[in-house]
Protein chains: 2
Amino acid sequence: MGQLGSCTDMTDTRNRILDAAERLFSTRGFHATSIRMITAEAGANLAAINYHFGPKNALIRAVYARRLEQLNALRLQMLDACEVRAGSEPLPVEDIVRAFIAPVLRLPPEDPFRRLIGRMYSEPGDLARQIISEHMGEVARRFTLAIRRALPDAANTDLHWGAFFTIGVLAHTVTASALLNLIPNDRCDPKNADSVTERMTTFVCAGLRSFVIREETPTSGLAG
Amino acid sequence: MGQLGSCTDMTDTRNRILDAAERLFSTRGFHATSIRMITAEAGANLAAINYHFGPKNALIRAVYARRLEQLNALRLQMLDACEVRAGSEPLPVEDIVRAFIAPVLRLPPEDPFRRLIGRMYSEPGDLARQIISEHMGEVARRFTLAIRRALPDAANTDLHWGAFFTIGVLAHTVTASALLNLIPNDRCDPKNADSVTERMTTFVCAGLRSFVIREETPTSGLAG
DNA sequence: GTCTATAGTACGATAGAC
DNA sequence: GTCTATCGTACTATAGAC
């Protein structure tokens, strides 16, 4: 409860179940993982999941909840630090994007939650919508505000699409990174979190700024 | 066999099964969809899938095979047309990106295959790797060549990462587009395929060019 | 090429003792 | 909070008649 640490060596049943579920969901998928497998892997009893979480879907949401709370705390912490450093000036777009993506890209390659991040969005049903509305509110609010200050000439619609595309790049990178094996990575090792972060920041910020430039040419003030 | 059309009103069992599977996989996911549901929806017998496709995984691959062949034929056709128009000049990056993404974004919003495109990459197992190696070879070869000519100063590594990010943006957009409901789309209706295509082209091309600019500043010739 | 019938297995969920 | 035992259901895959 309330712990933000790795939780990996905690011995209570609840967290052992979450760890086991995270691992199995990551390698096998939600539907291909049974309650029985999870309790077996966790060294818990078959009935324990129902007791602690209720039905299977609630367990899935609990797996995301635990990790997203950690992740979003890091994001807000990075954003806070940038804002303190900038004083009352608007932040550089790069700082905002980096604060959003770095906590995800820094997850170690063997962390099973990496693959789960992107799977959330492509899973059928309301999983993504539920999780986003339960756990992404504060992050969305803070980062939207920051980016509006950083790119005051961009229309809201542009920023929304930019955020959507950014999430796509990030989710695909952590979830489908196995497909990068084929690529000769002489100068940007995908296991080097910082170099991937900088590369993605460059790419995404150029994309975001391209919207502003396009908008500024025909009209003048008052974006929207 | 060999047909590239919509196949929706064909009456033979094989195609009815593929249509039903595509629909059910899209709304329910692969594992949550049973052989029984598919044959029921297709008006076919329970044993028909095993007869025509073999085990369930082979059916999944067949669903992707049929649609990706159509899609990739359109991509190459668009690229061919651009190259004819350009003569011996390198193509603008925009034309190349557009030829890659437009055939996907033009799939009607109600086409169940839209959601399946991104799910391929996040699905556990070797699905994406198998499908890519079976059906994306020609497209990868042709588009890589075109983009190398268009951005001769970019390193191969940059272009690979750029392509990877582009696929991420595209996959997320067609697969998670339900999450765009919340956005006020006063100026870029997500159902307007052409406006989304132009927006994504702008974003992605700016990202791709940002790699070149970054590369050109310190060194001079010979990328790599 | 399509059907019926079924073998063999796994599942989620819960009731009720401890 | 943890366990055993079990109900009722669903699954894939195939064998064998037509």
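By convention in this document, chain letters (A, B, ...) are assigned in the order of the sequence lines, proteins followed by strands, and residues within each chain are numbered from 1.
Mapping A:P55 and B:A44 onto DNA chain C via the closest heavy atom, the residue that lands nearer the 5' end is B:A44.
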Which protein N or O atoms sit under 3.5 Å from an N or O of nucleotides 9-11 of chain C?
from   : atom 1 : to    : atom 2 : distance (Å)
C:dC11 : OP1    : A:S34 : OG     : 2.9

Are any protein N/O atoms closer than 3.5 Å to N/O atoms in nucleotides 14-18 of chain D? If there are, list each pair with its distance.
from   : atom 1 : to    : atom 2 : distance (Å)
D:dT14 : OP2    : B:N50 : OD1    : 3.3

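A sub-4.0 Å separation between OP1 or OP2 of C:dT2 and a side-chain N or O of B:H52 is present. An OP1 or OP2 oxygen of D:dG1 is reached within less than 4.0 angstrom by no side-chain nitrogen or oxygen of A:T13. An OP1 or OP2 oxygen of D:dG1 is reached within less than 4.0 angstrom by no side-chain nitrogen or oxygen of A:N45.
Centroid-to-centroid, the aromatic rings of B:H135 and B:Y64 stay 6.0 Å apart or farther.
One interatomic measurement links the two molecules: CD1 of A:I17 to P of D:dT2, which rounds to 8 Å at whole-angstrom precision. Atom P of nucleotide C:dG12 and atom CG of A:L59 are separated by 11 Å, given to the nearest angstrom. One atom, CZ of B:R14, and another, P of C:dT2, lie 12 Å apart when rounded to the nearest Å. For the pair A:Y51 OH and D:dG1 P, the computed distance is 4 Å after rounding to whole Å.
Within the structure, salt bridge (charged side-chain N to carboxylate O under 4.0 Å, His left out) pairs that include any residue of residues 107-117 of chain B comprise B:R67-B:D111 (at least two apart or interchain). Screening residues 27-55 of chain A for salt bridge (charged side-chain N to carboxylate O under 4.0 Å, His left out) gives A:R23-A:E41 as the qualifying pairs, with residues at least two apart or on separate chains. Evaluation of the salt bridge (charged side-chain N to carboxylate O under 4.0 Å, His left out) test over residues 72-83 of chain B, restricted to residues two or more places apart or in two chains, returns B:D80-B:R142, B:E83-B:R142. Sequence neighbours left out, not one pair with a member in residues 43-54 of chain B passes salt bridge (charged side-chain N to carboxylate O under 4.0 Å, His left out).
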Which is it for A:R119 and B:E123 under the salt bridge (Lys or Arg N to Asp or Glu O under 4.0 Å) test, yes or no, and what are the steps along the way?
-> CA-CA 7 Å; A:R119 200 170 296 159; B:E123 197 69 12; 5.9 Å; no
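A search for side chain to side chain contact (heavy atoms under 4.5 Å, CB included) contacts involving B:A206 returns A:A206, A:S210, not counting sequence neighbours. Scanning for ring-ring contact (aromatic ring centres under 6.0 Å, His included) contacts around B:F165 gives A:F203, B:W161, with sequence neighbours left out.
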Which side-chain N or O atoms in residues 47-58 of chain A pair as donor and acceptor under 3.5 Å with protein atoms at least two apart or in another chain?
from  : atom 1 : to    : atom 2 : distance (Å)
A:K56 : NZ     : A:F30 : O      : 3.0
A:K56 : NZ     : A:T33 : O      : 2.7

